[in-house]
Visitor: 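Would you mind keeping the following structure in view while I ask a few things?
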Amino acid sequence: MNQIHFMNTLLKTTGLTKSFDSPEKVVDDVSFAINRHEIFALLGPSGCGKTTTLRIIAGFEQPDSGEVVLNDRRLVGNKSFVEPEERGIGFVFQDYALFPHLPVIRNVMFGLKNVPRKQREEQALEVLCMMGLREYRDRSPFELSGGQQQRVALARAIAPTPELLLLDEPFSNLDAVLRNSTRSEVRSLLKKAGMSALLVTHDQEEALSFADRIAVMNEGRIEQIGTPEEVYYRPRTRFVAQFLGTTNLITADAIGPSALTEFGRVNLDRPAEGRVTLSIRPEHLTIEKPNRNRDNYLGEVVSKDFKGHDITYRVRIRARECMVHTDNRVNFNAGDHVNIRPLEAAVVLEEPNVHLETAKSPG
Ligand code: ATP
């Protein structure tokens with residue numbers, strides 16, 4: 001099993017660390033591996049060190065320590081350093097960086113070196129066809145839409161068939177509609193070409209929809225690596241829970257598989273003991289009418305935000321408020337007395353001084 005995993009690894013970074021002018025580490029012990037044919041994202045807020053990590057992998061920046069290995073070849077670390085153009089890595093930047101005075105085809109041909117001109121033209125045309133850009137081959141970049149320019153930039157980067165493609169916020173200059181469609185087109189093109197890519201973004205939705213796996217970064221460190229579903233549904237830390245979407249953070253007393261919270265006993269995603277912090281996504285809660293025969297209820301609807309296909313409620317329970325996302329058939333109004341019921345297990349976050357029991361594997 002380990003052997004298969006090892007064979008699949010294309011890029012491996014180990015213990016990357018980098019400071020600039022101050023002793024504070026901008027990249028702090030960053031280690032991750034990207035598999036062949038995998039789209040991997042580094043996701044985090046502005047200034048957390050994503051671009052610096054990408055630039056170290058590209059060879060535009062030297063780390064203070066750590067190493068980068070691509071396809072079993074050490075690119076940096078242990079006193080070795082491979083020049084950026086020798087790394088077999090392609091880049092696509094936020095601003096496309098196309099040559100405005102060259103037609104589309106010549107922009108794509110630019111990436112192809114050490115090949116006769118005729119062959120360069122054929123290869124460039126092949127990639128343009130794959131990108132659905134054949135008819136634009138003789139246009140100037142300024143005669144194209146933002147999405148088309150971005151696809152040309154991508155065509156230029158993938159024409160030399162690099163082993164790894166680095167994408168630095170490549171969709172952020174596009175408007176919202178174009179961004180979504182370009183993103184899914186680019187994803188399916190990368191998958192069709194069987195390429196591996198590393199995307200850097202601060203946009204949660206982009207990382208969740210584009211990547212096969214995500215590393216969530218905060219203040220220079222990776223807090224969690226997992227599939228989009230893992231990091232969203234099972235965040236390990238408070239930061240990951242909050243950065244990846246709206247959540248309710250609740251302090252509760254855990255006893256094994258469940259905990260007592262403001263809205264009753266909830267199941268936990270893993271056993272714990274003592275005071276714990278739990279994350280429950282608003283869509284993992286629902287609102288119900290209190291039982292008429294018992295006039296006790298838990299909370300009161302504070303506000304209702306109708307958004308068409310779903311509704312977000314704020315519900316006050318004792319001194320605190322929590323958020324509940326329901327579909328548009330769950331209808332309540334501000335002032336209604338309601339109960340809240342969890343639909344999924346709450347996620348126990350890793351916090352200091354919490355004792356987590358190791359979940360026993362079945363059998
Ligand atoms: P953004 O999404 O805003 O690009 P980021 O997560 O990619 O952010 P980096 O660009 O890696 O973050 O920057 C991390 C920190 O390092 C920032 O505080 C930045 O100011 C600092 N930094 C980056 N490059 C340099 C440099 N060449 N010299 C000094 N400081 C730098």
Side-chain angles (χ1 to χ4, degrees), residues 11-34 39-68 70 75-77 81 83-85 87 89-97 146 150 153-154 157 164-176 178-180 182-183 186 196-211 213-226 228 231-232 235-245:
L11 178 95
K12 196 167 190 306
T13 73
T14 312
L16 290 181
T17 300
K18 176 79 182 170
S19 309
F20 287 103
D21 311 324
S22 68
E24 198 185 317
K25 292 172 185 160
V26 161
V27 175
D28 189 359
D29 197 17
V30 164
S31 303
F32 61 89
I34 302 178
I39 301 178
F40 192 90
L42 277 180
L43 169 70
S46 183
C48 74
K50 312 176 292 287
T51 299
T52 305
T53 306
L54 197 81
R55 287 173 59 79
I56 292 171
I57 295 167
F60 301 146
E61 209 76 73
Q62 284 260 23
D64 299 332
S65 58
E67 68 169 22
V68 178
L70 179 69
L75 302 181
V76 67
F81 183 81
E83 292 299 328
E85 58 278 14
R87 292 191 175 200
I89 290 177
F91 321 101
V92 180
F93 299 105
Q94 190 174 339
D95 60 0
Y96 321 142
Q150 189 55 297
L154 196 72
L164 176 70
L165 194 61
L166 303 181
L167 304 161
D168 192 356
E169 306 263 7
F171 310 112
S172 57
N173 278 346
L174 305 174
D175 68 47
L178 201 55
R179 190 158 55 223
N180 286 350
T182 310
R183 200 157 71 196
V186 169
S196 309
L198 172 56
L199 168 80
V200 156
T201 182
H202 62 269
D203 182 331
Q204 304 85 328
E205 195 188 306
E206 183 159 296
L208 291 171
S209 66
F210 191 77
R213 279 189 312 140
I214 299 172
V216 186
M217 268 187 98
N218 182 27
E219 296 181 349
R221 299 184 74 94
I222 291 181
E223 294 218 354
Q224 187 171 356
I225 298 177
V231 291
Y232 184 81
R236 273 217 298 264
T237 64
R238 185 181 277 254
F239 173 80
V240 176
Q242 289 183 310
F243 191 69
L244 277 159

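First listed ligand is number 1; within each ligand, the first listed atom is number 1.
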Visitor: Regarding ligand 1, does Lys50 bring an N or O atom to under 3.5 Å of one of the ligand's N or O atoms?
Guide: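 Indeed, backbone or side chain, Lys50 has an N or O that close.
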Visitor: Going by the atom numbers of ligand 1, which of them fall below 4.0 Å from some non-hydrogen atom of Pro45?
Guide: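 Numbered from 1, ligand 1 contributes 6 (O).
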Visitor: Would you check the N or O atoms of Gly47, main chain and side chain alike, for any that come under 3.5 Å of an N or O of ligand 1?
Guide: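 Such a contact does occur with ligand 1.
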Visitor: For the 3.5 Å polar cut-off, considering only N or O atoms, please tell me whether Glu61 and ligand 1 meet it.
Guide: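 Among all N and O atoms of Glu61, none is under 3.5 Å from an N or O of ligand 1.
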Visitor: Please check whether Phe20 reaches ligand 1 - meaning an N/O of the residue sits under 3.5 Å from an N/O of the ligand, judged on distance alone.
Guide: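 No; every N/O pair is 3.5 Å or more apart.
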Visitor: Protein heavy atoms: any of them under 4.0 Å from atom 25 (C) of ligand 1?
Guide: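 Protein heavy atoms within 4.0 Å of atom 25 (C) of ligand 1 - there is at least one.
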Visitor: Measuring from non-hydrogen atoms of Gly220 to any atom of ligand 1, is the shortest distance under 4.0 Å?
Guide: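 Gly220 does not count as a contact of ligand 1 under the 4.0 Å cut-off.
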Visitor: Using 30° and 60° as the class limits, which term best fits the ring planes of Phe91 and Phe60: parallel, tilted or perpendicular?
Guide: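 Phe91 vs Phe60 ring planes: tilted.
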Visitor: For ligand 1, which atoms, with element, lie under 4.0 Å from some heavy atom of Cys48?
Guide: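 Near Cys48, meaning under 4.0 Å from one of its heavy atoms, ligand 1 has 5 (P), 6 (O), 12 (O).
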Visitor: With heavy atoms of Val26 as the reference, note each atom of ligand 1 found under 4.0 Å away.
Guide: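 This gives 14 (C), 15 (C), 16 (O) as the contact atoms.
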Visitor: Please determine if Thr51 has a nitrogen or oxygen closer than 3.5 Å to a nitrogen or oxygen of ligand 1.
Guide: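 Yes, Thr51 has an N/O under 3.5 Å of an N/O on ligand 1.
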Visitor: Is atom 20 (O) of ligand 1 less than 4.0 angstrom from some protein heavy atom?
Guide: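 Within 4.0 Å of atom 20 (O) of ligand 1, no protein heavy atoms are found.
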Visitor: Using a strict cut-off of less than 4.0 Å between a Lys/Arg side-chain nitrogen and an Asp/Glu carboxylate oxygen, indicate whether Glu205 and Arg179 qualify as a salt bridge.
Guide: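 No salt bridge links Glu205 with Arg179.
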Visitor: Does the ring center of Tyr232 lie less than 6.0 Å from the ring center of Phe243?
Guide: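 Aromatic pair excluded; centres sit 6.0 Å or further apart.
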